[in-house]
Each structure stands twice: as structure tokens, then as C-alpha cells.
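To start, the structure under review is shown below, and the notes come after it.
When a ligand or atom number is given, it counts from 1 through the structure's own listing order. Residue numbers count from 1 along this sequence. Side-chain atoms are counted along with the backbone in the values below, which use heavy atoms only and exclude waters and symmetry mates.
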Amino acid sequence: MKAKIAVLPGDGIGPEVVAEGLRVLRAIEQRYGHGFELESFAFGGAAIDAHGDGLPPHTLAACLAADGILLGAIGGPKWGPTAAVRPEPALLRLRAELGVYANLRPITVMPALRDASSLKPEVVDGVDMLFVRELTGGIYFGRKSREGDRATDECAYTVAEVERITRVAGRLARARRRKITQVDKSNVLETSRLWRAVSERVVRDEFPDCSIEHMFVDAASMHLIRRPKDFDVVLTENLFGDILTDEASMLAGSLGVLPSAALGDGRRGLYEPIHGSAPDIAGRGIANPCGTILSAALLLRHSLGLEAEALAIEHAVSAAIEAGARTADVAAGGATLSTRAMGDAVLEKLGA
Ligand code: IPM
Ligand code: MN
């Protein structure tokens with residue numbers, strides 16, 4: 001098949017991990033006889049430096065014209081909270097422009113990495129949960145103001161926004177254990193009371209074969225590390241999803257191995273590892289490329305419908321890790337591979 005993939009390497013370790021993702025996509029293209037048009041565009045801090053804009057018009061146009069977008073990471077100390085132009089708003093704008101309101105963040109524990117987690121192996125063994133984080137609404141996109149000694153961030157959600165994200169969670173739950181945990185702070189927040197009522201109704205009326213439970217976000221943050229195996233699909237708003245997925249990522253041993261997908265109503269999606277730009281290790285060739293490689297697999301699955309190819313990549317990553325291939329973040333004292341060598345290990349399994 002022919003497909004157009006826009007590539008946004010971004011900042012910090014972004015370009016290093018994306019390079020490995022691209023090598024894997026090229027290998028898939030060859031092996032399965034596809035034609036992938038892979039073109040890189042300036043985005044994030046790198047784009048601010050080069051063009052004065054974190055999301056230059058030509059980058060946005062290329063993303064809107066693509067079937068899928070592979071993103072590395074953005075941000076860094078150079079463009080900190082007090083900088084005149086920051087990369088983060090560019091990412092929020094890209095998500096909004098693409099209409100990718102559903103952020104899928106799967107958290108699974110590979111048996112070979114059970115000892116890399118900061119939790120006891122018996123707590124993390126068999127963890128398999130999927131976060132469905134609302135991505136284009138809530139406090140991230142509300143009105144912000146700063147007047148004198150007072151600052152505000154408005155959090156708003158509409159019924160339609162909660163309905164559509166609940167439907168995404170329902171469809172995904174059907175392919176899993178059919179259990180949805182909706183996380184909010186409805187004992188305090190009005191938006192949370194809307195979330196609770198709307199998600200309850202959508203699941204009852206449209207997904208009667210699925211169950212939905214509701215949990216306060218403070219309790220959820222505790223249960224996630226106390227009994228993570230009990231979670232299947234976790235449905236939540238933008239800010240809570242941001243925080244809880246970083247927490248849950250520690251179950252898997254490292255942020256470095258986790259992919260994510262951001263989807264809207266069409267097939268086009270934005271795919272990125274859930275880790276950040278890690279400026280402390282950027283440029284040293286030691287970052288873990290697996291989160292990006294697995295994000296490329298999600299792109300093949302969700303945007304191009306290439307399930308066999310996606311599975312081939314996922315199996316190759318697992319096989320490489322099971323065979324002992326480890327970057328520094330998950331090495332636990334053993335031998336460590338560079339970013340490139342980890343990519344080689346995955347490519348080798350892909351060919352095998
Ligand atoms: C993430 C990141 C972003 C977010 C930042 C970079 C704006 O933390 O994708 O989780 O908060 O959504
Ligand atoms: Mn985050």
C-alpha cells in the first residue's frame with residue numbers, strides 16, 4: 001500500500017529515537033512491499049529556533065495531508081516556562097488542528113522487564129491496561145489569564161466531548177476485558193460530575209456488554225500501584241490522564257518502552273512515545289528507541305490498517321528484549337546497548 005507519513009523528530013532525544021523508528025518502517029516497507037513516503041518536518045523547539053514558530057504552517061499543512069504522523073518528543077531547558085515562545089503550545093495546537101481527541105496509552109509489562117519496575121514483580125506481572133485520555137479539551141484548552149497577583153485556568157467539557165471519548169473507550173473495551181474505569185474528581189469538580197453522568201449513560205445505552213466503574217483520581221493513583229492488574233480500560237480527562245499515565249508507566253519499568261496513539265474520527269493519527277525529550281541524555285545515543293518503534297507499529301495498525309505488520313514489529317521488540325537487548329534505562333546493571341544497537345537488535349528479529 002502507498003501511504004504518506006509525516007515525521008516530526010522534535011527536540012532532545014526525539015531525532016535519535018525517531019531515526020530508529022524510521023529504520024524499522026523502511027524494513028517493513030521492503031519486506032511487505034509497501035510504498036511509504038516518509039518526510040521530516042520542523043516542529044517544537046527546533047522549529048522555534050529555525051522559524052520562530054513551534055508549528056510552522058508548512059509543517060501543519062504536511063501533517064493535515066498525511067495518513068499518519070510520527071513524532072519524537074519536544075521541549076527542553078532552552079525553551080523553559082519563562083521563554084517568550086515555548087514548544088508545548090505547538091503540540092496542543094497540532095492535536096487540536098488534527099482533531100485527535102482520543103489518546104490511547106497502553107501499559108503492559110513485558111515478562112522480561114518485570115524486574116526493571118520499581119514495584120515488586122508479583123504486583124506488575126500480567127499488567128495489561130489501556131488508558132483512554134481525552135486530548136483536546138479540559139483545562140489544557142480553557143481560557144487562561146494572568147492579572148496582577150491572580151492567575152486562572154478554566155476547565156470546561158461538553159456532553160458531546162465526553163460522549164465521543166466514551167465511545168472510543170467502549171469500542172476498545174469490547175476487544176479487551178470489557179471493563180471501563182472512569183476516573184474523575186466528581187466529589188469536587190462540576191466537569192467531573194458531567195463526565196460521570198455522561199460516561200455512565202453512554203456505556204449503559206450503547207455498550208451494555210461492558211461494565212463501567214467510577215473512581216476518584218486520588219484513589220485511582222493509589223490503586224494503580226496497589227492492584228494494577230485490576231485495571232482494563234481507564235477513561236479519563238486530559239489533565240488526569242497526563243498525570244496518571246506517567247505514574248502507570250513505571251509499572252512497565254521504563255517510560256522508554258511505551259508508545260501512544262492520538263486518534264480522531266478519521267484514520268489519521270499522531271503517534272509518539274510517551275516519554276519526553278530527556279535533555280539530560282540527548283545527543284549521547286543512549287536513549288531507548290522502543291517507545292518510538294512501538295508507536296510506529298500503532299501507526300501501521302490504526303492509521304493504515306496494517307495489523308500483521310504492526311504485530312511483526314511488536315513481536316520483534318519483545319523478542320529483542322527477551323533475548324537480552326537493553327538500553328541503559330532498563331539495563332539493571334547488565335550490558336547496555338546504544339540507541340542504534342537497540343534498533344539493530346529489533347531489525348534483526350524483524351528479519352528473522
Ligand atoms: C504528554 C506531554 C504533553 C502533555 C506536554 C508536552 C504538553 O506531557 O504528551 O503527556 O501534557 O500532554
Ligand atoms: Mn505527559
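Counting heavy atoms closer than 4.0 Å to ligand 1, residue R86 contributes nothing at all.
The aromatic rings of Y157 and W195 stand perpendicular to each other, their planes meeting at an angle above 60°, with 30° marking the opposite boundary.
Remark: ligand 1 atoms within the under-4.0 Å shell around heavy atoms of R105 are 1 (C), 9 (O), 10 (O).
A donor atom on one side chain and an acceptor atom on the other are not found under 3.5 Å apart for S192 and D184. Side chains of E29 and H34: no donor on one and acceptor on the other come within 3.5 Å.
Of the protein's heavy atoms, D242 OD1, 3.3 Å lies nearest to atom 8 (O) of ligand 1. Counting protein heavy atoms only, atom 4 (C) of ligand 1 is closest to Y140 OH, 3.5 Å. Of all protein heavy atoms, the one lying nearest to atom 3 (C) of ligand 1 is R95 NH2, 4.0 Å. Nearest protein heavy-atom contact of atom 7 (C) of ligand 1 is E88 CG, 3.9 Å.
Of the options T292, L22, N288, a side-chain contact (heavy atoms from CB on, under 4.5 Å) to V17 is made by T292 and by none of the others.
Contact between H275 and ligand 1 is absent, with no heavy atom of the residue lying under 4.0 Å from the ligand.
Within 6.0 Å of the CD atom in E213, the count of heavy atoms belonging to other residues, nucleotides or ligands exceeds 12.
When you scan the N, O or S atoms of D242 for the one nearest the Mn ion (ligand 2), you land on OD1.
Between the CE atom in M110 and the OG atom in S117 there is a gap of 13.0 Å [rounded to 0.5 Å].
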